[in-house]
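Throughout, protein chains are lettered first and strands after them, A, B, ... in sequence-line order, and every chain is numbered starting at 1.
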Amino acid sequence: MPVARPEPQEPRVIAHVDMDCFYVQVEQRRNPELRGQPTAVVQYNDWKGGGLIAVSYEARKFGVKRSMRGDEAKMVCPSINLIQVPVARDKADLNVYRSAGSEVVAILSTKGKCERASIDEVYLDLTDAAKEMLLESPPELSELIFEEATKSNILGLTSDVSNREDSMRAWLCRASADYQDKLLSCGAIIVAQLRVKVLEETQFTCSAGIAHNKMLAKLVSGMHKPAQQTVVPSSAVQDFLVSLPVKKMKQLGGKLGSSLQDDLGVNTVGDLQSYTEEKLQEYYGVNTGTWLWKIARGISGEEVEDRLLPKSHGCGKTFPGPKALKNNASVQTWLDRLCEELSERVQSDLNQNKRIAQTLTLYARACKKNESDSIKKFPSKSCPLRYGTVKIQEDAMKLFESGLHDFLGSQNTKWSITSLSVSASKIFDIPSGTGSILRYIKCPNSTVSPANLDCSSLPEDPSLGNKLYIAPNHEEHCEPSLSEKEHCEPSLSEKEDHGNNSNLAKRCQTKEEKKVSKKLTEVKGTCSILKFLSQSPPVLSEKRKFDSLICSHPGPESSSEPNQAEEYKSTQSVDRNSASSSTWMFNVEDIDPAVVEELPPEIQREIHGWIRPPKHASSKTRGSTISSYFLPAKRS
DNA sequence: ACGGATATAACA
DNA sequence: TTGTTATAT
């Protein structure tokens, strides 16, 4: 499980910011009448009033808890307002909360490294900003620190409010002698300012913890809620930890924490401290043992990642009891809905953030009738993610069938599905800037515009501003987990649907047209090349080399471009409100390898580079696999 | 017949 | 890797 990371020797200033009952606040902003009232956000109202997923502090006073039913909440708090999560496609739709979360992240990410930890939480590394503040304003700083930091709860100081100012002054006098504490209080000032800004610009309150590492910051961010912050000076760590129940520590809230209690009799972090590192390693392995030993002492080297966006997108639904899905048709129906939402989300991620997801995974929970064997898990299955709602739907269904096959084994019993979810992962940035393809496309002296080429169906291509990206292939797992090879081949209907594009594809077969094709690649303009590359050949070759092609072009055109093949339309941006450029996604399996052979040698060479990523490039370090294909050589 | 829907991370 | 498992909110 947890692994200890090397400890940075320089003390850092880390904050954990946590929105107060976030979903409730989002609803309160939408309907201000709810402010100050006992309120909870609930999903699916029909069974026992739905499940609570967020509870206002007013309601908490009545004993209302998350994971209560709406009905229970009404019992203990009759005046409670129950607000339902929006529903789309017959499932809970959390998008309003996601985008509210993004609003907050946009503000919180302005003062230092920022990691989106969840829909309503971030970590900040404010070390640089704090140091800067300390350097810039030495003289009058202590008074400023005082004023601002008064708003903080300082761990280790008395919580008696009447004494707070005095103890604060005392602490700050000390702090003036202690560089680390000074840094922390600067961090506290920055966080306080950020929280004010969040409140001003979003109307949301949040709480925060400020400490020298993530673990401690997280531990105290919820200590004084709502709308307060807490600082952990190093001097307070030991006293704080000794009496802290181990279960409160992040990662110890589950089985590992229980094992500490039940197997070792460790109830507090203080208890944990009496174990040697070696002993803990004996019980829990080298990694976890070391990690436990360190966190017991407040040591954690985990870095704040610089990431404002989620690493995956998923959507799912449970089908409890009688609602369980019992045949392929109902699974199909629900999978289609889930995939539709997922497709929208990956597509807008592509359009707005220029990120591309590479893997589609299907999860399910299933029961088998009769057999006591029903403990068996439904295996998750994944495959390359192909953009376009219909493709995702088709692929997800194949994954389901494959999983069901494994699940049932040889038996031929009845089954039922109690939960379904699909997710898109392995998301990569598409680097902006100029890769060699781009250079080629934009290079004026390589552009030839054959008069006889019919480009009328292509969008106007001003060449400047258009970009072509090609993502590397999946290689191995392209020979899919799906047993049938035909999976990768376009379906009959798909081929027919290509319409005018299939004409082009056919034409490409002839020698003459190959010549034309060659010229086409030299045509100035991304879209020409894209169209050229993306034709679906009648027969696909065994080796499918690429995964995807992406073309972005200036926004105004997106609404007025009509003549793309059906397939392209289906994958096109849905986000027509967005003023930014829209993005098309092309699946590489639709590229005719024979066509690639017609490309100019330098392009071919480059493409072969994509086909076979250099093995020495570590696939773990991001940027070396994908980015290196795009980034200009000089910039490496 | 369920705290649901999402997320991240480490493991084998 | 992929698929599984744990954890969190």
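- Residue-to-nucleotide proximity on DNA chain B shows that, of A/Glu305 and A/Ser421, the 5′-proximal contact is made by A/Ser421.
- As rounded to the nearest Å, B/dA1 and C/dT9 have P atoms that lie 28 Å from one another.
- Side-chain atoms of A/Ser102 come within 3.5 Å of backbone atoms of A/Arg98 as a donor-acceptor pair (strictly under, hydrogens ignored).
- If you check C/dT2, B/dT6, C/dT4 against the side chain of A/Lys426, the one that comes closest is C/dT2.
- Residue A/Met19 is out of contact with every strand shown, counting any heavy-atom pair closer than 4.0 Å.
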Report all interatomic pairs (protein N or O, nucleotide N or O of nucleotides 1-3 of chain B) with separations under 3.5 Å.
from  : atom 1 : to       : atom 2 : distance (Å)
B/dA1 : OP2    : A/Gly321 : N      : 3.3

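- Under the side-chain hydrogen bond (donor to acceptor under 3.5 Å, both in side chains) criterion, A/Asn213 pairs with no residue at all, not counting sequence neighbours.
- Between the C1' atoms of B/dA9 and C/dT1, the separation comes to 16 Å (whole Å).
- Both A/Glu115 and A/Asp93 lie close to DNA chain B; mapped to their nearest nucleotides by heavy-atom distance, the more 5′-ward contact belongs to A/Asp93.
- Atom OH of A/Tyr97 and atom P of B/dA5 are 13 Å apart (whole Å).
- Atom-to-atom, CG of A/Asp120 to P of B/dA7 comes out at 12 Å; the value is rounded to the nearest Å.
- Among the atoms of the strands shown, only primed sugar atoms or phosphate atoms (P, OP1, OP2) are found under 4.0 Å from some heavy atom of A/Lys218.
- Note: CG (A/Leu420) to P (B/dG4) measures 15 Å, nearest angstrom.
- When the side-chain nitrogen and oxygen atoms of A/Arg98 are compared with OP1 and OP2 of B/dA5, none of them lie within a distance under 4.0 Å.
- You'll find that the side chain of A/Tyr44 is closest to B/dG4, out of B/dG4, B/dC11, B/dT6.
- Taking only side-chain atoms of A/Lys255, from C-beta outward, the nucleotide of B/dA5, C/dA6, C/dA8 with the closest atom is C/dA6.
- In this model, no donor atom of one side chain and acceptor atom of the other lie less than 3.5 Å apart for A/Arg297 and A/Gln273.
- Atom NE2 in A/His313 sits roughly 14 Å away from atom C1' in B/dT8 (whole-Å rounding).
- Taking atom NZ on A/Lys377 and atom C1' on C/dA6, their separation rounds to 11 Å, with Å as the unit.
- A/Arg307 comes within contact range of the sugar-phosphate backbone alone, with a heavy-atom separation under 4.0 Å but no base atom that close.
- Across all strands shown, A/Leu252 has heavy atoms under 4.0 Å from sugar-phosphate atoms exclusively, and none from any base.
- Contact check, A/Lys91 against B/dT6: a side-chain N or O comes under 4.0 Å of OP1 or OP2.
- Closest contact between the side chain of A/Leu256 and the listed nucleotides C/dA8, B/dA9, C/dT7 involves C/dT7.
- Rounding to whole angstrom units, NZ of residue A/Lys248 and P of C/dT7 are separated by 17 Å.
- Checking B/dG4, C/dT2, B/dA7 against every side-chain atom of A/Ser312, the shortest atom distance belongs to B/dA7.
- The CZ atom of A/Arg5 sits 14 Å away from the C1' atom of B/dT8 (whole-angstrom rounding).
- Closest approach to the A/Glu341 side chain among B/dT6, B/dC11, B/dA5 is made by B/dT6 (side chain taken as heavy atoms from C-beta onward).
- Under 3.5 Å, the side chains of A/Arg30 and A/Gln25 contain no donor-acceptor pair of N or O atoms.
- Contact annotation: A/Thr361 does not reach the phosphate of C/dG3 (side-chain N/O to OP1 or OP2, under 4.0 Å).
- Ranking C/dA8, C/dT9, B/dT6 by closeness to the A/Glu121 side chain, first place goes to C/dT9.
- Going from atom OH of A/Tyr23 over to atom C1' of B/dA7 covers 10 Å, rounded to whole Å.
- Note on A/Gly51: nothing from the nucleic acid sits closer than 4.0 angstrom, heavy atoms only.
- Under 3.5 Å, the side chains of A/Glu27 and A/Tyr97 contain a donor-acceptor pair of N or O atoms.
- OP1 and OP2 of B/dT6 both lie 4.0 Å or more from every side-chain N or O belonging to A/Arg116.
- A donor-acceptor pair shorter than 3.5 Å can be found between the side chains of A/Glu121 and A/Ser118.
- Side-chain atoms of A/Glu302 and A/Ser300 include no donor-acceptor pair closer than 3.5 Å.
- Between the side chains of A/Tyr284 and A/Ser259, at least one donor N or O sits under 3.5 Å from an acceptor N or O.
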Just distance, no hydrogens or angles: give the donor-acceptor pairs under 3.5 Å from side chains in residues 313-321 of chain A, sequence neighbours left out.
from     : atom 1 : to       : atom 2 : distance (Å)
A/His313 : NE2    : A/Asp349 : OD2    : 2.7
A/Lys317 : NZ     : A/Tyr44  : OH     : 3.4

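- Nucleic acid contact for A/Ser118: none, since no nucleic acid atom lies under 4.0 Å from a heavy atom of the residue.
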